[in-house]
Amino acid sequence: QVVLVESGGGLVQAGGSLRLSCAASGRTFSVYGMGWFRQAPGKERELVAAINWNGGSTSYIDSVKGRFTISRDNAKNTLYLQMNNLKPEDTAVYYCAKGRWSGPLNNARDYDSWGQGTQVTVSS
C-alpha cells in the first residue's frame with residue numbers, strides 16, 4: 001500500500017509559479033505510473049498530467065501544455081508538478097495519484113490511490 005502526501009500549494013498571483021511535491025511511502029513507488037489531478041469547486045476531478053514509471057514518458061491536458069511539467073525522483077520516492085505562468089482557471093485542489101501499472105496512464109480509472117490534496121489559488 002502506498003500513502004501519498006502532497007505539499008507546495010498556496011496563493012499566487014496570475015503569471016506566478018508553484019512547485020507541488022508528492023511524497024510516497026512504500027518501496028514500490030518506482031514501478032508505477034503516477035499522475036496529478038485537480039478539482040475546482042463545482043467541477044469534476046480531471047487528470048492534468050501523467051508520467052510513466054521511469055519518467056521517460058509524460059502527457060498533459062491541452063490547457064496546461066507548455067506551462068506545467070511533471071517529473072519524478074524515484075530515489076526520493078517523490079513526484080513533482082512544476083506550474084509556471086499560472087492562471088486563475090488553474091485554481092483547484094491538486095491531488096497526486098498512483099497508477100495501477102507502469103504508465104503513463106491517461107484515464108482516471110487507471111489510478112487506485114490518491115493523496116489528501118493541496119490547495120492552489122491563483123488571483124487575477
For the pair [X] (side chain) and [Y] (backbone), establish whether a donor and an acceptor sit closer than 3.5 Å, ignoring hydrogens and angles.
| X | Y | value |
| --- | --- | --- |
| Thr118 | Tyr94 | no |
| Arg72 | Phe29 | yes |
| Tyr60 | Ile70 | yes |
| Ser25 | Val3 | yes |
| Glu6 | Cys96 | yes |

Please determine whether side chain to side chain contact (heavy atoms under 4.5 Å, CB included) holds for the pair Gln119 and Thr91, giving the CA-CA distance in whole Å, both sets of side-chain angles, and the decisive distance to 0.1 Å. CA-CA 8 Å; Gln119 176 71 47; Thr91 295; 4.0 Å; yes
Look up atom [atom1] in [X] and atom [atom2] in [Y], then write down how far apart they are to the nearest 0.5 Å.
| X | Y | atom1 | atom2 | answer |
| --- | --- | --- | --- | --- |
| Ser71 | Met34 | OG | CE | 11.5 Å |
| Arg100 | Tyr111 | CZ | OH | 11.0 Å |
| Thr121 | Leu86 | OG1 | CG | 10.5 Å |
| Cys22 | Leu79 | SG | CG | 5.5 Å |
| Leu81 | Ser21 | CG | OG | 9.5 Å |
| Ser30 | Lys76 | OG | NZ | 15.5 Å |

Are Leu4 and Leu105 in one and the same hydrophobic cluster, where Ile, Leu, Val, Met, Phe, Trp and Tyr link if side-chain heavy atoms are under 4.5 Å apart?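 Not linked; separate clusters.
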Is there a path of hydrophobic side-chain contacts, each under 4.5 Å between heavy atoms of I/L/V/M/F/W/Y residues, joining Phe68 to Val120? yes
Apart from Tyr80 itself, what residues make up its hydrophobic cluster when side-chain heavy atoms of I, L, V, M, F, W and Y under 4.5 Å apart count as a link, directly or indirectly?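 Answer for Tyr80: none, a lone residue.
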Chi angles and distances behind the side chain to side chain contact (heavy atoms under 4.5 Å, CB included) call for Trp53, Val31: CA-CA 5 Å; Trp53 68 279; Val31 305; 5.5 Å; no
[X] to [Y] - nearest heavy-atom pair and separation:
| X | Y | answer |
| --- | --- | --- |
| Leu47 | Asn107 | CD2-N, 4.1 Å |
| Ala92 | Ala40 | CB-N, 3.8 Å |
| Gly115 | Tyr95 | O-CD2, 3.5 Å |
| Leu20 | Gly9 | CD2-N, 3.6 Å |

If you define the side chain from C-beta out and look only at heavy atoms, does anything of [X] sit under 4.5 Å from [Y]?
| X | Y | answer |
| --- | --- | --- |
| Pro104 | Ile51 | no |
| Val12 | Met83 | no |
| Arg38 | Ile61 | yes |

Is the closest basic N to carboxylate O distance between Asp90 and Lys87 below 4.0 Å?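 Between Lys87 and Asp90 there is no salt bridge, as every charged N stays at least 4.0 Å from the carboxylate O atoms.
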Kindly indicate, with the supporting measurements, whether the criterion side chain to side chain contact (heavy atoms under 4.5 Å, CB included) is fulfilled by Phe37 and Val93. CA-CA 8 Å; Phe37 289 73; Val93 178; over 6 Å; no
Stepwise, does the side chain to side chain donor-acceptor pair (under 3.5 Å) test hold for Asn52 with Ser102? CA-CA 6 Å; Asn52 75 328; Ser102 58; over 6 Å; no
